[in-house]
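Worksheet: the structure to be examined is printed underneath.
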Protein chains: 2
Amino acid sequence: MTDTAPGTASRTPTRRYGTRPTMKDVAARAGVGLKTVSRVVNGEPGVTPDTERRVQEAITALGFRRNDSARILRKGRTASIGLVLEDLADPFYGPLSRAVEEVARAHGALLINGSSAEDPDREQELVLALCARRVDGLVIIPAGHDHRYLAPEMAAGVATVFVDRPAGRIDADAVLADSFGGSRDAVAHLIAHGHRRIGFLGDLPGIHTAAERLRGYHAAMNEAGLPVHDAWVSTGPTDPERVRAAATAMLNAAEPVTALFAGNNRVTVTVVRVLAERPAPAAPVALVGFDDFELADLLSPGITVIAQDSAQLGRTAADLLFRRLDGAGGDPRQLVLPTRLIPRGSGELPPPATSTA
Amino acid sequence: MTDTAPGTASRTPTRRYGTRPTMKDVAARAGVGLKTVSRVVNGEPGVTPDTERRVQEAITALGFRRNDSARILRKGRTASIGLVLEDLADPFYGPLSRAVEEVARAHGALLINGSSAEDPDREQELVLALCARRVDGLVIIPAGHDHRYLAPEMAAGVATVFVDRPAGRIDADAVLADSFGGSRDAVAHLIAHGHRRIGFLGDLPGIHTAAERLRGYHAAMNEAGLPVHDAWVSTGPTDPERVRAAATAMLNAAEPVTALFAGNNRVTVTVVRVLAERPAPAAPVALVGFDDFELADLLSPGITVIAQDSAQLGRTAADLLFRRLDGAGGDPRQLVLPTRLIPRGSGELPPPATSTA
DNA sequence: CCCGGCGCTGACAACGTTGTCCAGCAGTTA
DNA sequence: TAACTGCTGGACAACGTTGTCAGCGCCGGG
């Protein structure tokens, strides 16, 4: 058998399992050239209706599906963006992720995402894996504080936007919520309702937002001329055990706090549990939490929170990312979205009469 | 300058923006052959320590990062799997997604995910886009009822596992929760506490789990010899407006229901709101919800639920997927995970005295 | 009748990587 | 000294697609 048609795939006698028809196969079956198939698949003009029909028939008959890996290799753009966040299971990140996905979808891009679990090494590993995949852009909720490893990638044109926390040691776009201002408002709110001994329960102090929220706490206390005792401030991992212990310690101290400010939604939920478990005669403790959460209004009392719109955070970041991808130049920008205090009852509880003075 | 080395990229005089160094560039800089760079990058044996060092230096100096698109094209495997679900922002899917991601990570694979928004066309579009990317496998929470479009893909070796709902008109692996049994338990629980007129508030009846839960409701009522009035059953979209209207109608009817069974977490939350807003003298209405949700224990009364472990669902599905990818054969399997009734108070409320008879 | 132009089609190279295969070289043995 | 072995390194093709460019047939005008 003479190999007259060099186009036929006769070089590989045994097709390995999982092999799929290619444009070459479609072309052979339809009796047209390779490029014509490509034109049909991509909806390019310049193909006779009759030819197009023949090609379409061959495509469906063979179950052909374009191999985007090859396309990407050829075109250089992947039409996909990467999202690296802390934990997809955290209700704060679900809406954010979904918002990023919607924007990506509007731009015809797919979303690849991964959870860093708040581990800088894992963040870097993920980000670099995404870069190896040649994502067009990255949305990163950073876990680490040094992102210089991204310099070659950004220089090569990978658009990058940081969310929730700024980039470390590198100049990049960032979209943040006003953690400092929101926290100051929260604590000022408690002070306005008569509290003087206010506890702060925060996340690991290395996390930017956690540090900012602590700063806001101190600012509000300072502005009111109130002292801050070391025992009133606790930062660390947000696992229920630690938060529970810290909250209990503050509540059972000789001079107990009369109000608590919880630094994020995980902490707030645990604090709500701790307060709910207190023996009945205990004086009610005021509480304001950073981050809104579902059902906060249905608890009794309703939980007063500083709300930040995580979906809006994601949408803003993704919009900025695609503007960069569309060629928008200029220096890196830092956008700060406002927060909003939602009073629901728990933050408006007055301190017990004995400690008002 | 004579172009003695045919390897140098001198054919493209102007490198387009965003171009990156390739192995060829690294090889040229290190003064070695292309394949040697490949060997170093992939940690293959057969390279002198000295040569390896030279190559590594060139890699860091140029900021080289392997182009996985090319690698994928060559190797045929992408080391990535796709996850198509309904809505990433739904708290039910966050843990599921995270669980799938963890399993993927353990197998060195990346996760690409997309939300179908419960739209079959969008599901298909997403799934086929993922197939074009040549994901190794798919985890799908189906929105549609006809997945024959997947036949060519599955024949070509794309491992596919359906989750939460079975595949439509095609034979495929599936991991489900016991919606029927769980619902029957829920309704039987209410009956055991004296209720006779029990309302069912469910999702769109076209959704498999919704239909199963309705079936469980009917089964429990039948087994207790209780009649079911049309007015006690309402199915449809789970947006708060519809659920609110349906629940209100059941509660304000001439012969009002004394207990409600809510078909999923979205519905339950809305029902909790409706019940909370009822004027004070109204008799308390019992409630059991399908799906557990955060803080269900802190409401008063606590909300009795049928819990299904969405993370376990995802983990099980992903495990099965990778077993298939590792070559596990055999007929498609359908795994059903048990549900668990968690009594917290709302399901144990007795009916008002007047209607017990 | 011839020629220019246009519309459609296909051959070919290139994208960056990996697998195959062979060449070169140093060390060992007859 | 020649042959042989084992190991390192490099040339080349192939993965499936798209961009470039050239060719072919046909039509209308000169």
Side-chain angles (χ1 to χ4, degrees), chain A residues 4-13 15-16 18-28 30-52 54-55 59 62 64-79 132-134 156, chain B residues 5-13 15-16 18-28 30-55 59 62 64-79 132-134 156:
Chain A
T4 48
T8 53
S10 58
R11 199 60 60 92
T12 330
R15 289 189 163 276
R16 66 180 190 285
T19 213
R20 307 197 47 150
T22 72
M23 286 193 178
K24 197 158 29 176
D25 302 321
V26 174
V32 301
L34 192 54
K35 190 62 224 270
T36 301
V37 178
S38 171
R39 272 191 270 261
V40 171
V41 169
N42 293 297
E44 291 172 23
V47 181
T48 323
D50 180 60
T51 308
E52 173 162 359
R54 286 215 318 282
V55 172
I59 286 177
L62 294 174
F64 167 80
R65 186 100 43 217
R66 182 179 63 198
N67 184 329
D68 274 354
S69 295
R71 169 173 233 254
I72 287 166
L73 175 60
R74 186 60 231 253
K75 304 201 72 152
R77 278 279 164 123
T78 59
R133 293 294 171 106
R134 294 294 187 269
Chain B
T8 53
S10 58
R11 199 61 59 92
T12 330
R15 289 185 164 278
R16 66 179 190 285
T19 213
R20 306 198 47 151
T22 73
M23 285 192 179
K24 198 157 31 175
D25 301 323
V26 174
V32 302
L34 193 52
K35 188 64 222 271
T36 301
V37 178
S38 172
R39 273 192 269 260
V40 171
V41 169
N42 294 297
E44 291 171 22
V47 181
T48 325
D50 180 61
T51 308
E52 173 163 359
R53 194 184 43 72
R54 286 215 317 283
V55 172
I59 286 177
L62 295 173
F64 167 81
R65 186 101 44 217
R66 181 178 63 197
N67 184 329
D68 273 353
S69 296
R71 168 173 232 254
I72 286 166
L73 175 60
R74 185 63 229 259
K75 304 202 72 152
R77 279 280 164 119
T78 60
R133 293 291 172 108
R134 295 292 187 272

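Residue numbers start from 1 in every chain, and the chains themselves are labelled A, B, ... in the order their sequence lines are given, proteins ahead of strands. These values consider heavy atoms only, across backbone and side chains, with no hydrogens, waters or symmetry-generated copies.
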Distance, rounded to the nearest Å, where B/Arg39 contributes CZ and D/dG9 contributes P: 8 Å

Closer than 4.0 Å, any side-chain N/O of B/Thr51 to the OP1 or OP2 of D/dG9? yes

If I take atom CG in residue B/Asp68 and atom C1' in nucleotide C/dG16, what distance separates them, rounded to the nearest angstrom? 11 Å

Given D/dT8, is OP1 or OP2 found less than 4.0 Å from the side-chain N or O atoms of B/Lys35? no

Send over the distance from A/Leu73 CG to D/dA14 C1', rounded to a whole Å. 12 Å

What is the distance, to the nearest angstrom, from the CG atom on A/Asn42 to the P atom on D/dG19? 8 Å

Report the distance from atom CZ of B/Arg77 to atom C1' of D/dC15, rounded to the nearest whole Å. 16 Å

To the nearest Å, give me how far apart NZ (B/Lys75) and P (D/dA13) are. 21 Å

Would you mind telling me which residue lines up with the more 5' stretch of DNA chain D, B/Gly46 or B/Ala70, judged by nearest nucleotide? B/Gly46

For A/Val41, answer base if it contacts any base atom (sugar-phosphate contacts may also be present), sugar-phosphate if it contacts only those atoms, and nothing otherwise; contact means non-hydrogen atoms under 4.0 Å. nothing

Taking CD1 from A/Ile59 and C1' from D/dG16, how many angstroms apart are they, rounded to a whole number? 14 Å

Heavy-atom nearest nucleotide on DNA chain D for B/Thr48 versus A/Glu44: which residue maps closer to 5'? B/Thr48

Just to be sure I understand the rule, does B/Arg66 reach a base, reach only the sugar-phosphate, or reach nothing, if contact means heavy atoms closer than 4.0 Å? sugar-phosphate

Donor-acceptor check, side chain of A/Thr78 to backbone of A/Arg134, threshold 3.5 angstrom: yes or no? yes

Any side-chain N or O of B/Arg74 under 4.0 Å from OP1/OP2 of D/dA14? no

Checking A/Arg54 side chain against A/Ala30 main chain: does a donor-acceptor pair fall under 3.5 Å? yes

For a quick test of reading the model: is some side-chain N or O of B/Ser38 closer than 4.0 Å to OP1 or OP2 of C/dT18? yes

Measure from the side chain of A/Thr36, starting at C-beta and using heavy atoms only, and say which of D/dT18, C/dT9, C/dT18 lies closest. C/dT9

Closest to the B/Leu34 side chain: C/dT17, D/dT17, D/dG10? C/dT17

Whole-Å distance separating the CE atom of A/Met23 from the P atom of C/dA13: 19 Å

Answer yes or no: is there a donor N or O on one side and an acceptor on the other, between the side chain of B/Arg65 and the main chain of A/Ala132, under 3.5 Å? no

When you check the phosphate oxygens OP1 and OP2 of D/dC15, does a side-chain N or O of A/Asn67 lie under 4.0 Å from one of them? no

Strictly distance-based, threshold 3.5 Å: is any side-chain N or O of A/Asp25 a donor or acceptor partner for the main-chain N or O of A/Thr22? yes

Examine the side chains of A/Arg133 and B/Asn67 and answer whether a donor and an acceptor come within less than 3.5 Å of each other. no

Is A/Arg20 side chain donor-acceptor paired with the D/dG16 base, going by distance under 3.5 Å alone? no

